[in-house]
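In what follows, a single structure is set out as structure tokens and then discussed.
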Amino acid sequence: MTRDELAELFQREWQPSFFVVGRYDNREREQPLSIMKFSREDSPLSTEQELFDLRFSRINAIQALGYRAYGQRFDFSHTIPAILAVYSATAAEQLDSSRVPVKVAGRIQTIRRMGKAGFAHLQQSGERLQVYVKKDLVSEREWALWELLDLGDIIGVEGYLFRTRTGELSIHVETLTFLSKNLLGMPEKYHGLEDVEIRYRQRYLDLIANPDVHRAFATRAKVIASFRRQLEARGFIEVETPMMQPLYGGAAARPFVTHHNTLDIDLYLRIAPELYLKRLVCGGMERVFEINRNFRNEGISTRHNPEFTMLEFYQAYADYRDLMDLTAELLKNVALDATGSATVPYGDLTLDFSSIRRFTMREAVCEFWKGPDKPSMDNVRDPEWLSRHAGKLTPGECLVDIFERHCEEALVQPTIIHQYPVEVSPLAKQNPDEPGMTDRFEVYAAGMEIGNAFTELNDPDEQRRRFEMQLAMKERGDEEAHQMDEDYLRALCYGMPPAGGEGLGIDRITMLLTNSKSIRDVILFPLLRPEGPIGIAGWLRESSAKHLGK
RNA sequence: GGGCCGGUAGCUCAGAUGGUAGAGCACGACACUUUUAAUGUUGUGGUCGUGGGUUCGAGUCCCACCCGGCUCACCA
């Protein structure tokens with residue numbers, strides 16, 4: 001587009017349009033709006049576009065009444081949730097005698113017109129309050145506006161609280177104003193929006209139609225706030241470390257790759273913040289945490305989204321046992337802060353976060369073994385027994401494999417599993433009494449892994465050996481094996497205080513606390529394939545040309 | 001990536017064996033000054049996910065593809 005074309009476009013599209021303020025012409029309303037439906041000679045509109053066009057045409061009618069179809073600021077006195085919180089138990093007589101004046105804004109969720117009066121439900125933050133509009137009590141102009149309103153429009157009302165004959169708390173409207181026009185059909189009022197694809201793609205519609213969704217994301221915010229508050233209270237400071245990393249590490253996963261143009265280098269979206277956070281521990285940030293996204297280029301499922309939120313924290317001079325105690329405390333308080341109770345329903349289950357069981361991985365295998373021939377502790381220590389029951393190369397990998405197949409799904413109540421084999425724990429410190437095992441634990445609930453923690457390996461030479469072991473595994477074809485990170489080794493060479501570190505999956509914990517069976521129900525915009533052309537710009541262009549002459 | 005299930009009006013859903021595509025909500029018109037899934041009368045609304053094929057005839061049967069869900073694999 002040339003500069004002249006751009007100038008012309010600006011002239012055409014953004015000339016201020018004539019705007020009627022405070023005048024109301026009765027003749028305007030004698031023209032039924034529907035006659036405009038097929039005024040264009042060319043092909044008839046689709047039903048949805050017809051509805052869109054009808055609603056668009058009301059912009060003119062709204063403006064003719066002296067309102068803005070897309071209004072400006074509105075000085076409300078209360079939010080709808082605030083009114084409900086304070087007055088939902090107040091008796092009708094008390095409301096009548098005290099005459100509580102309120103001014104609120106909200107989206108029209110239902111509308112019931114009855115001749116010269118009517119009711120509507122306004123929604124704000126997932127909560128609804130009824131308003132009652134009576135012709136006698138509002139101006140002629142406001143009544144005309146009331147008659148023009150569509151479901152989904154956003155309006156402001158001013159009036160006083162009362163209870164209807166059936167006892168519902170409502171606003172008796174004295175003044176009415178228009179704030180924003182809805183142009184599209186709203187989801188069905190009774191069933192709400194059920195189509196999961198639309199729910200995830202158009203989360204705004206899901207939020208409008210399904211109040212539970214708003215609640216779930218409010219709970220998610222409480223989960224994060226609770227962790228943050230608890231950690232800060234213990235002297236942890238919050239940091240942000242790189243999401244774009246030249247070397248990825250801190251977990252076993254395949255990364256996303258991106259490119260920086262000016263530097264002409266490939267970068268990886270981080271799979272974990274771990275190695276950066278531990279550099280900070282080396283630097284003297286002795287209690288540090290980060291709540292942010294990790295990216296893993298792997299499958300998508302009800303428990304996995306390619307980007308997910310993790311809390312990671314590190315505490316110098318602590319070990320994994322300190323973290324077990326801390327984890328139990330953190331989770332109990334998060335459940336309390338987010339739901340008001342340490343026991344929460346999850347599907348058919350009730351999860352109790354007030355106490356967390358602990359097993360070593362070997363104990364768990366003995367305890368939860370599926371089928372006959374329950375192994376003994378001697379069995380699960382025996383490399384031969386292990387390799388008979390799993391097809392992995394090393395005893396440690398076999399143990400983990402057996403654990404995952406036999407135990408994971410049995411870990412319904414919040415449970416800590418500790419003592420992980422060194423082969424699968426390249427960054428964890430070995431157990432002093434048994435070098436094949438590390439002082440590491442994972443937290444499980446509802447059969448899902450929700451956390452991972454260990455005493456951090458701070459011996460640079462041992463870390464060097466671990467990296468080299470990982471490189472050997474990579475040679476062998478393990479795509480998720482760790483890379484060598486020499487800057488991290490260098491940091492360890494300056495001496496890192498002994499420390500415990502932990503990662504907790506925020507999305508999964510939120511699933512448990514919101515009774516969500518899919519991670520997509522606790523991520524506002526989960527990754528989906530792109531949906532293809534939408535066509536709404538064309539509708540706007542056509543209706544705009546027809547009704548606004550531009 | 002594999003297996004299973006699904007895609008019909010703007011939304012929620014019916015459509016045995018192949019024979020003119022339905023309901024409720026929403027939307028338009030009329031009535032109605034405390035309703036609440038408001039109500040009554042009435043009307044409009046569809047390329048049945050897309051593309052091929054079989055057939056006199058396909059929403060329905062066959063093939064391919066697209067999108068989604070569940071599940072397995074992988075992972076947290």
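Numbers restart at 1 for each chain; the letters A, B, ... are given by sequence-line order, proteins then strands. Quick caveat, the model's predicted, so the values are computed rather than measured. We use all heavy atoms of the structure for the numbers below, so side chains are in, but hydrogens, waters and symmetry mates are not.
- Between A76(B), C27(B), U34(B), one nucleotide has an atom nearer to the side chain of M114(A) than all others, and that is U34(B).
- Counting heavy atoms from C-beta outward, N515(A) and V344(A) have side chains that stay 4.5 Å or more apart.
- Spacing between C65(B) and C11(B) at atom C1', rounded to whole Å, works out to 28 Å.
- For R107(A), the salt bridge (charged side-chain N to carboxylate O under 4.0 Å, His left out) test picks out no residue, with sequence neighbours left out.
- Distances shown here put every side-chain N or O of S301(A) at or beyond 4.0 Å from the OP1 or OP2 atom of C74(B).
- The gap from the C1' atom of U8(B) to that of A58(B) amounts to 14 Å, rounded to the nearest Å.
- Nearest-nucleotide mapping onto RNA chain B: of E194(A) and Y132(A), the residue sitting toward the 5' end is E194(A).
- Using a 4.0 Å cutoff on non-hydrogen atoms, the parts of residues 116-125 of chain A near RNA chain B are K116(A), A117(A), F119(A), H121(A), ordered by number.
- Using a 4.0 Å heavy-atom cutoff across all strands shown, R529(A) reaches sugar-phosphate atoms only and no base atom.
- Annotation: side chain of E194(A) is not in contact with side chain of R199(A) (no heavy-atom distance under 4.5 Å).
- Applying the ring-ring contact (aromatic ring centres under 6.0 Å, His included) test to every pair with at least one member in residues 397-416 of chain A, sequence neighbours left out, gives these pairs: W369(A)-H406(A), F403(A)-Y444(A).
- Within residues 181-192 of chain A, the residues having any heavy atom under 4.0 Å from RNA chain B are, by residue number, P187(A), E188(A), K189(A), Y190(A), H191(A), G192(A).
- Against RNA chain B, the stretch residues 398-412 of chain A makes no heavy-atom approach under 4.0 Å.
- Distance, R520(A) CZ to C67(B) P: 15 Å, rounded to whole Å.
- The P atoms of U20(B) and C48(B) are separated by 15 Å, rounded to the nearest whole Å.
- At a cut-off of 3.5 angstrom, counting only N and O atoms as typed in the model, there is a donor on one side and an acceptor on the other between the side-chain of R112(A) and the base of U35(B).
- Computed from coordinates, the F52(A) CZ to A9(B) C1' distance equals 19 Å when rounded to whole Å.
- Classified by interplanar angle (parallel below 30°, tilted 30° to 60°, perpendicular above 60°), the ring pair H172(A)/Y132(A) is perpendicular.
- Figure legend: cation-pi geometry between R440(A) and Y420(A), with NZ or CZ positioned under 6.0 Å from the six-membered ring centre and within 45° of its axis.
- Here the straight-line distance linking atom CD1 of I271(A) with atom CE of M310(A) works out to 9.5 Å at 0.5 Å rounding.
- Every stem involving RNA chain B, taken as at least 3 paired positions in a row under the Watson-Crick or G-U wobble test at 3.5 Å, is listed here: B:1-7 with B:66-72, B:10-13 with B:22-25, B:27-31 with B:39-43, B:49-53 with B:61-65.
- The CD-C1' distance, from E50(A) to A26(B), rounds to 13 Å in whole Å.
- With a 6.0 Å cutoff to the six-membered ring centre and a 45° limit on the axis angle, R141(A) does not count as a cation-pi contact of W146(A).
- Ring pair F368(A)/F359(A): centre-to-centre distance below 6.0 Å.
- A salt bridge between D401(A) and R405(A) is present, with a side-chain N of the basic residue lying under 4.0 Å from a carboxylate O of the acidic one.
- The residue among I300(A) and S518(A) whose nearest nucleotide of RNA chain B is located toward the 5' end is S518(A).
- A sub-4.0 Å separation between OP1 or OP2 of A73(B) and a side-chain N or O of R303(A) is absent.
- One cannot find a donor-acceptor pair under 3.5 Å joining the base of U35(B) and the side-chain atoms of E168(A).
- Look at CD on E531(A): it is 13 Å from C1' on G49(B), rounded to the nearest Å.
- If you take atom C1' in C67(B) and the same atom in G49(B), they sit 8 Å apart, rounded to whole Å.
- In the displayed structure, M244(A) atom CE is contacted under 6.0 Å by at most 12 heavy atoms of other residues, nucleotides or ligands.
- Under 4.0 angstrom from either OP1 or OP2 of U34(B) there lies no side-chain N or O belonging to R163(A).
- Whole-Å rounding puts the E197(A) CD to C5(B) C1' distance at 15 Å.
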